[in-house]
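Below, read A as the first sequence line, B as the second, and so on, with proteins coming before strands; counting in each chain starts at 1.
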2 protein chains.
Amino acid sequence: MASDATNSTPALQARVVLQQCLSARLMIQPASEGKEAEYVQIERGMVVYVCFLQGATEEIISKIASSILNARLSETDTGRLVSILDLPGDVLIIPQATLGGNLKGKGMQYHRNIGKDDGLKLYTQFLEFLEGTVQNSTAKCDKNIAVKYGTYGNRQVFSMETNGPYTHYLEF
Amino acid sequence: MASDATNSTPALQARVVLQQCLSARLMIQPASEGKEAEYVQIERGMVVYVCFLQGATEEIISKIASSILNARLSETDTGRLVSILDLPGDVLIIPQATLGGNLKGKGMQYHRNIGKDDGLKLYTQFLEFLEGTVQNSTAKCDKNIAVKYGTYGNRQVFSMETNGPYTHYLEF
């Protein structure tokens with residue numbers, strides 16, 4: 001793609017960063033008066049940071065979901081690389097608008113980021129699609145895959161343990 | 001840059017992912033017979049995942065170091081964004097060759113990654129330059145910034161706590 005000499009390269013619609021984890025914990029609701037903060041947690045699996053950009057459409061959702069669920073990025077006990085569905089492992093989705101940033105001088109610019117309302121809509125659709133796909137996959141066999149996710153627009157208070165983040169960057 | 005209509009766009013030399021942390025801990029030497037594993041740790045600061053690609057040259061090193069040390073990505077207690085040098089905060093560098101990967105079907109390809117020897121050379125030079133720059137900066141005033149780093153080619157056994165990873169992706 002980098003060598004594409006035409007001007008017809010489709011505009012970027014999303015940026016995704018993937019990391020493998022042994023466990024991860026994310027706050028989904030900050031503490032408020034009389035209520036403690038709420039968290040979700042996954043065990044061995046994959047952390048997915050996702051950011052939608054301007055012009056992102058619903059069609060991109062299935063592509064992202066398919067890529068992250070089927071890419072062979074998870075190491076089995078014998079050292080073989082399999083998909084998160086085949087591991088099987090958990091999935092934690094973290095909305096991460098900062099991923100859309102472009103460094104300009106010393107400051108970050110987010111001109112390419114999708115608007116908040118459109119971003120929330122796509123994020124919600126993405127989660128539904130992802131959960132549906134995982135349920136379809138696990139229904140066929142005796143697998144247990146948890147799909148957890150962060151709250152769009154919130155501060156992502158987060159901790160992670162990994163025996164190798166094996167960080168990957170994907171563009172859609 | 002995305003709208004550059006010419007074919008003269010310089011080839012990508014490095015990919016970097018930045019995350020803000022409250023603390024982070026990285027294994028730099030696995031346990032061996034009679035010896036426990038060795039770790040480095042930082043407190044509040046920035047985790048930097050770095051991957052050099054084919055064709056990367058020494059010139060890129062100062063650009064990467066300058067960007068990560070001067071970009072205003074760290075939040076002060078009053079919510080202002082300042083550089084990691086101005087925070088001041090610690091820096092943890094993690095070599096992460098997987099960042100160079102391109103998803104092809106279900107498998108990752110790393111054709112664009114720099115060779116291991118050249119990568120180690122650049123990584124070592126990058127660390128030296130970064131440490132020198134931080135020392136110059138901290139010598140002028142009463143700052144305390146720790147620069148820690150992972151072992152090139154090792155498995156990056158790692159844990160992190162953050163109150164917002166504020167993940168950014170940079171290309172050089």
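Cluster membership check: B:Leu87 shares its hydrophobic cluster with B:Val147, using side-chain heavy-atom separations under 4.5 Å among Ile, Leu, Val, Met, Phe, Trp and Tyr. Under the 4.5 Å side-chain heavy-atom criterion for Ile, Leu, Val, Met, Phe, Trp and Tyr, B:Leu22 and A:Phe158 are members of distinct hydrophobic clusters. With hydrophobic clusters built from ILVMFWY side chains whose heavy atoms lie under 4.5 angstrom apart, B:Ile93 does not share a cluster with B:Ile28. Criterion: ILVMFWY side-chain heavy atoms under 4.5 Å apart, direct or through other members. Under it, A:Ile42 and A:Leu127 are not part of a common hydrophobic cluster. Cluster membership check: A:Val16 does not share its hydrophobic cluster with A:Leu12, using side-chain heavy-atom separations under 4.5 Å among Ile, Leu, Val, Met, Phe, Trp and Tyr.
With rounding to the nearest 0.5 Å, the separation of CG in B:Leu73 from OG1 in A:Thr98 is 9.0 Å.
In terms of non-hydrogen atom pairs under 4.5 Å with chain A, the most contact-rich of B:Asn154, B:Asn163, B:Val157 is B:Asn163. Considering only heavy-atom pairs separated by less than 4.5 Å from chain B, the leading option among A:Lys106, A:Glu161, A:Met27 is A:Lys106. For the options A:Ala71, A:Cys21, A:Cys51, heavy-atom pairs under 4.5 Å to chain B are most numerous at A:Ala71.
Looking at A:Met108 and B:Leu170, their side chains come closer than 4.5 Å, going by heavy atoms from C-beta outward. Using a 4.5 Å heavy-atom cutoff, the side chains of A:Gln19 and B:Tyr49 are in contact.
Counting heavy atoms of neighbouring residues, nucleotides and ligands inside a 6.0 Å radius, atom OH of B:Tyr149 does not exceed 12 of them. Enclosure of atom CD in B:Glu75 by more than 12 non-hydrogen atoms of other residues, nucleotides or ligands within 6.0 angstrom is indicated. Within 6.0 Å of NZ in A:Lys143 there are more than 12 heavy atoms belonging to other residues, nucleotides or ligands.
Proximity to chain B involves both the backbone and the side chain of A:Leu99, based on heavy atoms less than 4.5 angstrom apart. Proximity to chain A is absent for every atom of B:Gln20, based on heavy atoms less than 4.5 angstrom apart. The contact between A:Met160 and chain B is made by backbone and side chain atoms together, counting heavy-atom distances below 4.5 Å. Using a 4.5 Å cut-off between heavy atoms, A:Ser83 makes no contact with chain B at all. The part of A:Arg15 that comes within reach of chain B is its side chain, from C-beta onward, which places non-hydrogen atoms under 4.5 angstrom from that chain.
What you find for A:Pro165 and B:Gln156 is that their closest heavy atoms are CD-O, 3.1 Å.
Under the 3.5 Å distance criterion, the side-chain polar atoms of B:Gln96 are matched with a main-chain donor or acceptor of A:Tyr166.
No hydrogens or angles considered: nothing links the side chains of B:Glu171 and A:Tyr169 as a donor-acceptor pair under 3.5 Å.
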